[in-house]
Number of protein chains: 2
Amino acid sequence: MNEVIRMYENPTADALLRAARTLFARLGYHGASVRAIAQEAGANLGAITYHFGTKGNLYDAVIGRVLAPSRERLAAAAALPAPPLDRVEAVVRAFFAFLAENPDLPQFIMQQLMGSRPMPEAARQTLQANLGLLAGLISEGQSDGSVRRGDAQMMALSIVAQPVYLTVAQPILREVLVVDQGEPEARSRLVESVVSFVRAALSADSERD
Amino acid sequence: MNEVIRMYENPTADALLRAARTLFARLGYHGASVRAIAQEAGANLGAITYHFGTKGNLYDAVIGRVLAPSRERLAAAAALPAPPLDRVEAVVRAFFAFLAENPDLPQFIMQQLMGSRPMPEAARQTLQANLGLLAGLISEGQSDGSVRRGDAQMMALSIVAQPVYLTVAQPILREVLVVDQGEPEARSRLVESVVSFVRAALSADSERD
DNA sequence: ACTTCATTCATACGTTCGTATGATAGGGCC
DNA sequence: GGCCCTATCATACGAACGTATGAATGAAGT
């Protein structure tokens with residue numbers, strides 16, 4: 001069955017990808033069985049072998065679909081004609097917006113980072129590119145004096161950590177804060193909180209050592 | 001086999017807990033099989049049934065052991081006689097120190113948050129307590145004017161996100177930054193970066209709106 | 001009408017999973 | 001020596017797993 005992955009689309013393959021995305025995000029790679037995925041997709045068990053060959057291939061296909069689109073979204077936000085700090089803010093907002101459309105993305109990012117299985121090359125590149133984007137803006141801001149001194153890459157990681165963590169931690173958020181990110185107004189409060197947190201953390205105004 | 005969990009310690013049970021901790025952290029709940037755990041522990045397969053009854057009980061026992069000790073460590077750091085902002089810094093440093101001793105802790109925190117399986121009540125309480133600790137310090141700082149305005153709980157989450165995320169993202173860190181957190185000096189640079197990030201983010205100096 | 005071919009389906013294979021159990025061993029106590 | 005009690009071990013069971021495969025289906029091309 002060393003079949004090459006088909007590139008054209010097919011309703012069944014699409015339904016499988018959609019179902020796999022849901023179940024992999026919720027249950028992890030090992031927790032989601034191919035049978036459960038096929039059933040959720042309303043497809044036959046054999047359809048997975050036919051369209052993707054193996055469960056691993058299916059997972060990699062899902063990862064590609066989930067991660068890749070983030071790249072141009074963030075790049076677009078970073079390309080605005082504005083001072084570096086404002087562009088960082090734009091990237092954070094774009095990230096949140098993208099997360100609102102793809103609430104399962106943080107789960108996949110975390111799964112990849114935690115190495116539940118070897119990271120596909122494409123995924124690693126996307127993650128790295130998004131990180132580099134932020135780091136570049138920070139460096140730029142440091143050059144023109146608007147951003148605090150410090151390791152730009154680490155600062156970028158500190159920034160990325162927040163949207164990802166806050167989305168994954170939604171269940172805790174809901175219990176502790178009684179904040180439901182489903183409601184747009186509650187979500188907006190969260191975004192504003194992170195944005196001002198990041199601005200304050202980066203801004204050169206607060207330099208003190 | 002509805003056996004109650006034994007409370008006294010036993011070398012085999014201990015080895016099982018240690019092995020389970022390693023494998024659950026690395027592979028997740030579903031990814032780590034009871035056979036692999038028993039083998040890693042040098043114990044017989046039946047020993048798991050005997051000492052813990054089920055795989056789920058074993059996992060819960062591991063979670064308890066991993067999460068619980070963090071609570072008093074952080075509480076001790078938060079109780080120092082110092083201004084709120086300095087105590088927040090102390091908590092962040094204590095958290096990093098605890099993470100250095102328990103590098104697999106972030107994996108478990110994330111697994112719990114991502115709901116790979118229902119969260120044991122004790123785990124939820126520990127997570128919530130640690131968050132409340134930070135939120136309390138922030139509120140205090142807001143009262144005496146040393147900390148920026150904003151939702152204290154959300155700020156606390158923004159803070160916690162960083163040590164957790166940075167530790168989980170170690171593989172990426174190593175590739176992108178060529179920073180090996182194993183080396184104490186590299187790790188110290190990371191800690192200092194986060195500490196100053198957090199101080200800058202919280203400090204009222206930078207208030208600007 | 002007949003062939004072709006991509007796709008769907010039922011079903012089977014071998015493996016590994018979590019769990020259960022009965023036999024065996026060994027140490028303290030009468 | 002006989003007994004209990006805790007612990008270890010080999011082994012077995014049924015279920016679920018990922019994967020494979022050959023027959024059925026149906027639309028397109030001739």
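By convention in this document, chain letters (A, B, ...) are assigned in the order of the sequence lines, proteins followed by strands, and residues within each chain are numbered from 1. In this text the structure is predicted, and so the values were computed from the model without any measurement.
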Spacing of [X] atom [atom1] relative to [N] atom [atom2], expressed in whole Å:
X	N	atom1	atom2	result
B:Leu23	C:dC17	CG	C1'	15 Å
B:Phe52	C:dA20	CZ	P	16 Å
B:Ile48	C:dT16	CD1	C1'	15 Å
B:Leu27	C:dC17	CG	C1'	15 Å
B:Ile37	C:dG18	CD1	C1'	11 Å

Does a side-chain N or O of [X] approach OP1 or OP2 of [N] to a distance below 4.0 Å, or not?
X	N	answer
A:Ser33	D:dC17	yes
B:His30	D:dC17	no
B:Asn10	D:dT6	no

Legend entry - Pair A:Arg189 + A:Glu192, salt bridge at N-O below 4.0 Å: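 The answer is no: the pair does not qualify as a salt bridge.
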Legend entry - B:Arg73 and B:Glu101 ion-paired at < 4.0 Å: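 Salt bridge flag = yes for B:Glu101 with B:Arg73.
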Between the protein and nucleotides 10-15 of chain D, are there any N/O to N/O pairs under 3.5 Å, and if so, what are the atom names and distances?
residue : atom : partner : partner atom : Å
D:dA10  : OP2  : B:Asn44 : ND2          : 3.3

Inset, instruction - Taking ring-ring contact (aromatic ring centres under 6.0 Å, His included) as the test, write out the residues that go with B:Tyr165, two or more places apart. - result: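 Per chain and number, B:Tyr165 pairs via ring-ring contact (aromatic ring centres under 6.0 Å, His included) with no residue.
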Legend entry - Residues forming a ring-ring contact (aromatic ring centres under 6.0 Å, His included) with A:Phe108, sequence neighbours excluded: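 A:Phe108 satisfies ring-ring contact (aromatic ring centres under 6.0 Å, His included) with no other residue.
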Legend entry - Nearest-0.5 Å distance, OG of residue A:Ser158 to CG of residue B:Leu190: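 Here the rounded value is 7.5 Å.
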Legend entry - From D:dT19, D:dA7, C:dT7, nucleotide with atom closest to A:Thr12 side chain: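 When the side chain of A:Thr12 is considered, C:dT7 is the closest of D:dT19, D:dA7, C:dT7.
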Inset, instruction - Consider the side chain of A:Val34, meaning its heavy atoms from C-beta on, and name the nucleotide among D:dT6, C:dT19, D:dG18 that approaches it most closely. - result: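 Among the listed nucleotides, the one closest to the side chain of A:Val34 is D:dG18.
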Inset, instruction - Quick one: label A:Ala38 by what it contacts on the DNA or RNA (base, sugar-phosphate, nothing), any heavy atom closer than 4.0 Å. - result: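 Here A:Ala38 touches no strand at all.
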Legend entry - A:Arg65 and A:Asn102: side chain donor to acceptor below 3.5 Å: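 No pair is found: no donor N or O on one side chain lies under 3.5 Å from an acceptor on the other.
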